[in-house]
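Data first, discussion second: the structure below is written as structure tokens.
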Amino acid sequence: MAKKNLLIIGSGDGGTILANSIDKSMYNVTLIDKSDKHVFQPQYLYIAFQGSKDTMVRDEKSLLKKGVTFVKKEVSRIDLNERKVYTTKGKPHSYDKLVVATGVTSDISMIPGMQEINSKYGDYHTNIAQAQKVWSNLNSFKGGTIVIGQSYPICKCPPSPLEGIFLAEELMHRKGLRKKTKFVFFTPYPRAYPAEGINEVIEPLLKERGIEVMPFFNIDRIDPAKKTIYSIEGDSVKYDLPIIVPPPKGMNIEYNPDSVRNDDRLVYVDKFNLKIKGFDDAFAIGDGAAVPTAKSGVDAHLEAKTVARILEGKDAKFNGRTNCPFDTGYGRGTFVIGSYDEKVIKYPVTHMNLFMKHMMAKIYWESLKGEFDSVFDIYFKETEPSRLEKKYGTGKE
Amino acid sequence: MANENRKIVDSRGTACPGPITDLSLAYRKSKVGDVIELWATDPGVKSDTKAWAEKTGNKIESVTEDKEKIVIVIRIVRR
């Protein structure tokens, strides 16, 4: 049987894992991205709050298995009806099967005042330079109010806003500035962490560390002159050092039909088989897909594995499983574990969980090539929410 | 009522962060007079929406529940 052409757009972890996983005897695999550098984005947190010098960037080509053709081009238009992908330079690419794994970008234009504070204070969700800016501001900080929160209900890596405030508090404690520093955490959700199970685990930590939480705080605007952030719910908070998670938005690529995307430019998919709504030959995975689960590397990984199996003609279904590592500071952490149908587990904060988080970062590059698949299979089985629920529960109703 | 801007927000079977994300997002994009019909399966949505309505001063018009879903109808009266 003649090989089919599989075109994957985006070489983040979802696109790379899929390109490496898929059976090359069935597909000619082309992976296309405007950048040939692969960044381990969770490292932004440690660049921003611990000043890590290890930026965790590798050449994409060094991460690809034999049989994957990498093309460095910027995609400008995806025509799902014509099965063609257009780039800013050169001829369009045709495909038999398409996987969109383009991720999200930060859209600071959405919130008045955000541009000014984002360029001054940085953030830890956009790129390395922005994360380094956060570190430099934290380092020169001498006391006052540090305000951290997410600016939009959708957030890349849901634990990351809290991880930021936990690590900032730890940093000021270590620098001897804790007594001179007030910490305020705001969130659009009813509580510090939206899922009750994990909220019950982290709320006592927030109290113990004296971090004030402002729930139901959806940013309306920021007034840099008054150093104040206002919410659409009518609250406000004054800052000396704001570290605000920017709103994520799908990439600026034209689609035919345009109706496959929502107004955050995220691609509508079937949440189980990840096919783009209305199309049998095109899929979307990772942060850029409108899948009702966490925007995280773990999900992109599991979605890529699901799509690979479907493309190989096997039975597969994505169950929305999350497994987001959560650094709670002072050398401890937890995981946000749940799925579409299983509530998030009240998973304890331990040193071992943080060790696991760091171990996962250490094996990241090899895991892209599938070298730890058997370990992950065991891990995901052992940590199935239904198993953990018996031991830890899911918090109150 | 024929002209009301009614938006169905289908948040059934969503994993973490769950239905409250969808409500929060719909609220951001709403105007006074809009009606949001939130569909969910997570029972926690009832207390969360109640707390949200108290905080924001918006009105829960009805909460109905059957085997398949919980439906909460919210009228946006304050933004």
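Only heavy atoms go into these numbers, but all of them, side chains included; no hydrogens, no water, no symmetry mates.
In terms of non-hydrogen atom pairs under 4.5 Å with chain B, the most contact-rich of A:Val344, A:Asn218, A:Thr322 is A:Asn218. Among B:Leu25, B:Thr41, B:Asp22, the residue making the largest number of heavy-atom pairs under 4.5 Å with chain A is B:Leu25.
For the atom pair NZ (B:Lys55) and CG (A:Asp235), the distance works out to 3.5 Å, reported to the nearest 0.5 Å. Between B:Ile20 atom CD1 and A:Glu196 atom CD the span is 11.5 Å, to the nearest 0.5 Å.
The side chain to side chain donor-acceptor pair (under 3.5 Å) test applied to B:Lys46 returns B:Glu65, not counting sequence neighbours.
Heavy atoms of A:Asn319 lying under 4.5 Å from chain B are absent altogether. Using a 4.5 Å cut-off between heavy atoms, B:Asn58 does not touch chain A at all. For A:Pro188, the parts sitting under 4.5 Å from any heavy atom of chain B are the backbone and the side chain alike. Only the side chain of B:Arg78 comes within less than 4.5 Å of a heavy atom in chain A; its backbone stays farther off.
A donor-acceptor pair is defined here as one N or O able to donate and one able to accept, closer than 3.5 Å; such a pair exists between the side chain of A:Lys271 and the backbone of B:Gly13. With A:Arg321 contributing its side chain and B:Ala15 its backbone, the two residues share no donor-acceptor pair below 3.5 Å.
Annotation for B:Lys29: atom NZ counts as buried by contact number, over 12 foreign heavy atoms lying within 6.0 Å.
Scanning all heavy atoms of the two residues, the minimum distance from A:Phe216 to B:Asp48 falls at CZ-O, 4.1 Å.
Applying the salt bridge (Lys or Arg N to Asp or Glu O under 4.0 Å) test to pairs two or more places apart or on separate chains, those with a residue in residues 106-115 of chain A are A:Asp107-A:Lys249.
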